[in-house]
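Letters A, B, ... mirror the listed sequences (proteins, then strands); counts begin at 1.
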Amino acid sequence: MTRKLEGNGLWESSRMILPQYRERIVRAAAERDAEPEAAVHEDRLEEIAEAVKRSLALGLTVRLELRQEEGHGAEGIVVDASPLQGMLRLRQESGKVRRIAYRHITGASLKEC
Amino acid sequence: MAANRIVMLVDMESFYAGVEKAGNPALRKVPLAVVGDPEVPSSAVLAACPIAKRYDIRTGERLDAALAKCPALTAVRPRMLAYIEVSAQIAGILEAYTDLVEPYSIDEMFADVTGSLHLYGGDPQELARLIQSRIAIETGVRARFGIGGNKVRAKLACDLVAKRTGEGIFFLHKQEDWEQRIWSEPVRRMWGVGGRMEKHLRSLRILTIGDLARTPPDKLQSRWGVNGEVLWRIANGQDDSPVSPWTAREQKEIGTTITLPRAYRLQSEIETVLLDLCTEIGRRARRMRRMGEVVSVGAGGEGGRHESRGFRLRAALPDPSDMTSELFETARRLFREGWDGWPVKRLSLSLSRLGSSEVYQPSLFEDRARQRAIDRVMDEIKDRFGETAIARGRSFTDESRSKDRADKIGGHYK
């Protein structure tokens, strides 16, 4: 109940929005804010592949830098990687496994143990 | 910084009617109403143009009552898609001036110009005039502007003052303005006060917004709880809520509800409708490039002796999905779990725990690639030839509502 008085609660609790309308606005915002795909240098790609491979093989913690829309970064151990499908699975410290697309990765570094 | 915010509430005058007039010059000088279905006398007026309003025609009124007041009234069907497009276009115009734009409804938007105002000369009213003329030129719709130090002040400045001025722009910047222009208004005109609340307030001798503002807040709170405090804050122009643009991340679920034309009793006919809903939700998810992990199904109807029956169940999908066939599989299982034969009048379906759909999990056991291809082809055909251009065989039965739904948005014609 008290949510009405917090944040944007007053306005969110009172409005009626057609879902199709919301989706149209969200889509426009997403298109507008789409980050121009920053090209990742080949050397960097190799670095990423190497770090992912070592994390997978040796169970080392890797820190991945991600594109903005994916929330900048993620840290964990790679538990599965499939360059062909362009995705990997990262077990984060919380135990949660997150799926990440290679094309969202802009950098990777292994954490020193 | 927070002390000197400049927030605008941009309201589109008789929005649906305005869009119709902009698109058809022949309608410009006639009294016009957008009506649910112009063929049906009991159909409701969704919007009346300013000329029609002079005949005292009101939103929500029946078409036959409106025609009695104004026999020359032209009634047209709504075109919801066009309104959504024009509204998005207007949001785009506002976004040229600030990134903080938040639609409040299809015809009202907040824009926080605190950070960008200096780029346009520093005068909020000048900026409002500029945006107003751009909206008029680019969309043909007339916009009104309430400007204030927060969203509540902008909203009330628009509702209570700007809508009545010739220019349609009002900047409420001083506390005296608030007290003079807002407090003198009857409490019924304040945003958030309905007919019933007005009666309750009158019994406490609260007649104007000023009366409400000067009532001790604990008195209102003890009577109406949070809502009492909310009313007091609005009357005093207190509001610290941000103007927060919508983002895909913020959207928690994609959902829909359908009310059936009659009570459906057969499992097969109900499941046909469920498939229609899955088709719709799947398509919407794919358009937004989102996949969901949880499906919820709800049904409502009548049990014996007119008791209402219903359930709402949810389950996680085996893998995040945006695929019609997978949504349907889980939705059907949930439905069969929750339903034991009573007639169904309402069905709802939603997909939640949304994530990006760029990564998907191929499956060893089912042919996901094939199902995705089917969805993709159906989407492409619908994009090119319309929502009814292709459907699953099952949706060509009498009980399917897909044809009817494809023609409508929010229950009104597209």
Side-chain angles (χ1 to χ4, degrees), chain A residues 1-35 37 52 64 66-72 74 78-90 92 96-105, chain B residues 80-81 83-85 87-89 91-92 95 99 101-106 108-110 151-152 155 191-192 225-227 229-230 233-234 239-251 253-256 284-285 287-290 319-320 355-356 358-362 409-412 414:
Chain A
M1 255 325 257
T2 47
R3 294 274 285 282
K4 248 190 185 175
L5 294 172
E6 287 164 19
N8 203 18
L10 178 61
W11 302 95
E12 270 160 18
S13 63
S14 65
R15 67 182 168 204
M16 288 264 292
I17 299 283
L18 290 168
Q20 291 88 342
Y21 176 61
R22 174 181 283 276
E23 283 158 24
R24 173 69 181 80
I25 297 285
V26 167
R27 201 164 71 227
E31 279 162 19
R32 191 186 55 243
D33 300 342
E35 199 181 353
E37 295 269 292
V52 166
L64 301 176
L66 303 176
R67 291 190 194 278
Q68 200 177 4
E69 70 268 24
E70 295 299 307
H72 298 295
V78 178
V79 291
D80 183 16
S82 166
L84 278 182
Q85 280 160 11
M87 57 153 282
L88 58 81
R89 287 153 78 96
L90 188 74
Q92 288 162 304
K96 213 181 143 198
V97 175
R98 180 171 168 191
R99 296 170 321 136
I100 295 171
Y102 271 88
R103 45 183 294 261
H104 287 147
I105 305 173
Chain B
M80 298 306 291
L81 268 184
Y83 309 149
I84 287 175
E85 281 308 312
S87 183
Q89 196 186 345
E95 279 159 358
D99 56 342
V101 174
E102 175 191 345
Y104 177 57
S105 66
I106 194 167
E108 284 177 286
M109 290 169 204
F110 287 108
K151 287 160 92 173
V152 157
K155 171 81 173 140
W191 174 71
V226 178
N227 291 327
E229 189 177 342
V230 166
R233 286 199 194 184
I234 297 172
D239 179 16
D240 52 13
S241 40
V243 173
S244 49
W246 297 347
T247 59
R249 211 167 262 283
E250 198 183 290
Q251 178 152 12
E253 64 167 24
I254 303 172
T256 189
R284 276 166 51 196
R287 283 186 101 156
M288 296 168 69
R289 302 201 191 102
R290 310 293 276 170
D319 284 300
S356 159
E358 274 160 20
V359 185
Y360 90 103
Q361 176 70 48
I409 286 182
H412 300 307
K414 277 181 179 173

Review point. When you check the gap from the basic side-chain N to the acidic O, do A:Glu23 and B:Arg284 get nearer than 4.0 Å?
Key: yes
Check your understanding: Where is the tightest heavy-atom contact between B:Ala91 and A:Ile25, given as atom of each residue plus distance?
Key -> CB-CD1, 4.2 Å
Exercise for review: Would you check if there is a donor-acceptor pair between the side chains of B:Ser105 and A:Tyr21 at a distance under 3.5 Å?
Suggested key: no
**Study point:** Under 4.5 Å from any heavy atom of chain A - which part of B:Arg289
**Key:** neither
**Study point:** Residues A:Arg15 and B:Glu102 bridged, charged N to O under 4.0 Å
**Key:** yes
Check your understanding: Got a salt bridge between A:Arg24 and B:Glu85, using NZ or NE/NH1/NH2 to carboxylate O under 4.0 Å?
Key -> yes
Check your understanding: Between A:Gly7 and B:Ser241, which heavy-atom pair has the shortest distance, and what is it?
Key -> O-CB, 3.0 Å
Review point. Using non-hydrogen atoms only, which part of A:Leu10 is less than 4.5 Å away from chain B: side chain, backbone, both, or neither?
Key: both
Review point. Taking side chain as C-beta onward, heavy atoms only, is B:Asp239 less than 4.5 Å from A:Trp11?
Key: yes
Point to revise | Trace of the side chain to side chain contact (heavy atoms under 4.5 Å, CB included) decision for A:Leu18 with B:Tyr83 | key: CA-CA 11 Å; A:Leu18 290 168; B:Tyr83 309 149; over 6 Å; no
Check your understanding: Atom CZ of A:Arg22 and atom CD1 of B:Ile254: how far apart are they, to the nearest 0.5 Å?
Key -> 11.5 Å
Practice item. Check whether B:Val152 gets within reach of chain A through its side chain, its backbone, both or neither, counting any heavy atom under 4.5 Å. Key: both
Check your understanding: Quick one: of B:Glu229, B:Glu95, B:Lys155, who has the most non-hydrogen atom pairs under 4.5 Å with chain A?
Key -> B:Glu95
**Study point:** From CZ (B:Arg287) to CZ (A:Arg27), nearest 0.5 Å
**Key:** 4.5 Å
Exercise for review: Kindly indicate whether the side chain of A:Gln20, heavy atoms from C-beta on, has any atom under 4.5 Å from the side chain of B:Leu81.
Suggested key: no
